[in-house]
Visitor: 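Pasting a structure here, questions to come.
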Protein chains: 2
Amino acid sequence: MSDIDLIIQRLELRGHRVTQSRRRVLDAVLAQPAHFTVDDVLRATRAPRRRQPPVGRATAFRTIRLLLDLNVLCRILLDDGTLHYRLSTRGHHHHLVCRDCGRVEDFTQCDVEPLVRELAEAMEYDIDAHWLEVYGRCRACRQPTKEPARVR
Amino acid sequence: MSDIDLIIQRLELRGHRVTQSRRRVLDAVLAQPAHFTVDDVLRATRAPRRRQPPVGRATAFRTIRLLLDLNVLCRILLDDGTLHYRLSTRGHHHHLVCRDCGRVEDFTQCDVEPLVRELAEAMEYDIDAHWLEVYGRCRACRQPTKEPARVR
DNA sequence: TGACAACTGATACTAGGTCTCACTACACTG
DNA sequence: CAGTGTAGTGAGACCTAGTATCAGTTGTCA
């Protein structure tokens with residue numbers, strides 16, 4: 001079953017209609033690179049080679065929000081402080097982002113847990129969430145000979 | 001030496017002028033709770049009891065940005081995804097934020113390092129930065145008898 | 001077929017932030 | 001002490017990301 005079918009299934013399962021507009025946003029989302037903004041998606045739905053009517057801005061934002069609620073997308077915090085969107089891997093995960101090419105690796109072996117437990121004890125907090133993003137340069141971008149393959 | 005004098009010293013050291021407007025923004029920043037927005041600061045400079053002329057919006061934003069550059073302030077990511085500002089403790093640190101009262105604890109015993117090293121090896125990334133925010137409820141806010149002391 | 005709810009898109013609005021530009025106020029130089 | 005150049009200022013236009021409103025459209029089910 002393809003990505004798009006899985007997402008459509010998830011939409012229907014939650015009682016949402018799968019309309020033409022939503023399908024167009026979905027298509028555009030799946031065609032995006034590692035991470036993107038809502039305007040990137042909007043632009044993609046409006047690309048001249050797509051012979052479909054464009055999607056309204058409000059609808060694009062609404063659909064992205066819906067996909068976020070369904071955990072189809074997640075948000076990713078770039079090192080400049082801007083929030084982008086990204087197709088989400090299932091469950092709790094974090095991002096390792098290459099500053100140069102924008103490539104993103106998801107990682108789940110989230111060994112922040114001991115730290116969080118320690119912190120909870122020391123500070124007497126009930127801790128229920130955390131956010132961790134890691135930034136660096138991937139192997140390809142460190143090789144000076146090759147042109148970095150810009151993912152975004 | 002007081003906080004404000006230290007900051008002023010840092011400004012001068014970097015060749016910035018210490019003008020009336022900057023002093024007013026600084027006063028307002030130091031009077032803020034755990035974390036704040038630029039508009040909070042603006043409102044504070046315009047509070048009726050202050051008999052000083054108000055600071056322009058652009059100047060407030062410029063000054064906050066300057067203080068950010070000087071590491072006087074840091075940004076803090078709230079769990080709703082909004083970025084606020086906060087007086088920065090020196091050096092690399094993270095935030096533990098109480099969702100209820102907004103209280104913030106800074107922590108530096110940042111044992112993310114082993115995780116980061118492991119990640120660097122596994123993914124073949126040069127890792128140079130990370131961002132970690134932790135959310136929970138502080139002791140005071142967990143006690144049902146007392147009204148939580150709202151820090152912000 | 002009708003009715004109702006979900007959805008859509010245009011548009012206005014908000015928050016947070018930058019840009020521009022004419023003006024002001026420092027601080028150095030002669 | 002005057003002149004001058006530069007840093008800083010404030011008003012306001014503008015930008016980006018996102019939400020609210022609302023009349024009109026579409027899909028679904030009885």
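Naming: A, B, ... by sequence-line order, numbering from 1 per chain.
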Visitor: With sugar-phosphate meaning primed atoms plus P, OP1 and OP2, does A:Ser21 contact a base, only sugar-phosphate, or nothing at under 4.0 Å between heavy atoms?
Guide: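 Counting heavy atoms under 4.0 Å across all strands, the contact made by A:Ser21 is with sugar-phosphate only.
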Visitor: Quick one, give me the B/S/- string for nucleotides 23-30 of chain D, reading 5' to 3', where B means a protein heavy atom under 4.0 Å from the base and S means that only happens at the primed atoms, P, OP1 or OP2.
Guide: ---BB---
Visitor: Could you pull out all residues at least two apart from A:Arg43 that satisfy side-chain hydrogen bond (donor to acceptor under 3.5 Å, both in side chains)?
Guide: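 A:Arg43 satisfies side-chain hydrogen bond (donor to acceptor under 3.5 Å, both in side chains) with A:Asp40 only.
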Visitor: Separation of B:Glu12 atom CD from D:dA7 atom C1', in whole Å?
Guide: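 Rounded to the whole Å, the gap is 14 Å.
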Visitor: For residues 124-138 of chain B, pull every pair meeting salt bridge (Lys or Arg N to Asp or Glu O under 4.0 Å), keeping only residues two or more places apart or in separate chains.
Guide: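 Passing the test, one end in residues 124-138 of chain B: A:Arg99-B:Asp128, A:Arg139-B:Glu124, A:Arg142-B:Asp126, B:Asp100-B:Arg137.
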Visitor: Quick one: B:Leu42 CG to C:dT18 P, roughly how many Å, whole number?
Guide: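 Taking CG of B:Leu42 and P of C:dT18, I get 13 Å after rounding.
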Visitor: Could you pull out all donor-acceptor pairs under 3.5 Å where a side-chain atom in residues 59-78 of chain B meets a protein atom, sequence neighbours excluded?
Guide:
{"unit_1": "B:Thr63", "atom_1": "OG1", "unit_2": "B:Thr59", "atom_2": "O", "d": "2.7"}
{"unit_1": "B:Arg75", "atom_1": "NH2", "unit_2": "A:Asp80", "atom_2": "O", "d": "3.4"}

Visitor: Whole angstrom is fine here: how far is it from CG in B:Asp69 over to C1' in D:dG8?
Guide: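 The answer, rounded to whole Å, is 16 Å.
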Visitor: Side chains of B:Glu105 and A:Tyr125 only: does a donor on one sit below 3.5 Å from an acceptor on the other?
Guide: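 The criterion, which ignores hydrogens and geometry beyond distance, is satisfied for A:Tyr125 and B:Glu105.
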Visitor: Whole angstroms only, please: what is the CZ-P distance between B:Arg22 and D:dG10?
Guide: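 Rounded to whole Å, this separation is 11 Å.
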Visitor: Would you call the rings of A:His92 and A:His130 parallel, tilted or perpendicular, where under 30° means parallel and over 60° means perpendicular?
Guide: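 Geometry flag for A:His130 against A:His92: perpendicular rings.
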Visitor: Are there any protein N/O atoms within less than 3.5 Å of an N/O atom in nucleotides 11-18 of chain D, and if so, which ones and at what distance?
Guide:
{"unit_1": "D:dA17", "atom_1": "OP2", "unit_2": "A:Asp39", "atom_2": "OD2", "d": "3.2"}
{"unit_1": "D:dG18", "atom_1": "OP1", "unit_2": "A:Tyr85", "atom_2": "OH", "d": "3.0"}
{"unit_1": "D:dG18", "atom_1": "N7", "unit_2": "A:Arg57", "atom_2": "NH2", "d": "2.6"}
{"unit_1": "D:dG18", "atom_1": "O6", "unit_2": "A:Arg57", "atom_2": "NH2", "d": "2.5"}

Visitor: When the distance from CZ of A:Arg23 to P of C:dT8 is rounded to whole Å, what number comes out?
Guide: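 After rounding, the reported distance stands at 12 Å.
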Visitor: Would you check if A:Arg24 and A:Pro53 make a side-chain contact, meaning some heavy-atom pair closer than 4.5 Å?
Guide: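 They are in side-chain contact.
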Visitor: List the steps, then state whether side chain to side chain contact (heavy atoms under 4.5 Å, CB included) holds for B:Ile7 with B:Leu30.
Guide: CA-CA 11 Å; B:Ile7 299 172; B:Leu30 290 172; 4.2 Å; yes
Visitor: What pairs with A:Arg86 under salt bridge (charged side-chain N to carboxylate O under 4.0 Å, His left out), at least two apart in sequence or on another chain?
Guide: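 A:Arg86: salt bridge (charged side-chain N to carboxylate O under 4.0 Å, His left out) contacts with A:Asp106.
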Visitor: Would you say B:His16 reaches D:dG8's phosphate, i.e. side-chain N/O to OP1/OP2 under 4.0 Å?
Guide: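 Yes, such a contact exists.
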Visitor: Grab the CZ-C1' distance between A:Arg14 and C:dA6 for me, whole Å please.
Guide: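 Taking CZ of A:Arg14 and C1' of C:dA6, I get 16 Å after rounding.
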Visitor: Whole-Å distance between C:dG17 P and B:Leu67 CG?
Guide: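 After rounding, the reported distance stands at 14 Å.
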Visitor: Over how many whole Å does the gap from B:Ile64 atom CD1 to C:dG17 atom P extend?
Guide: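 Rounding to the nearest Å, CD1 of B:Ile64 and P of C:dG17 are 9 Å apart.
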Visitor: When clusters are formed by joining ILVMFWY residues with side-chain heavy atoms under 4.5 Å apart, either directly or through shared neighbours, do A:Val29 and A:Leu42 land in the same one?
Guide: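 The answer is no; the residues belong to distinct hydrophobic clusters.
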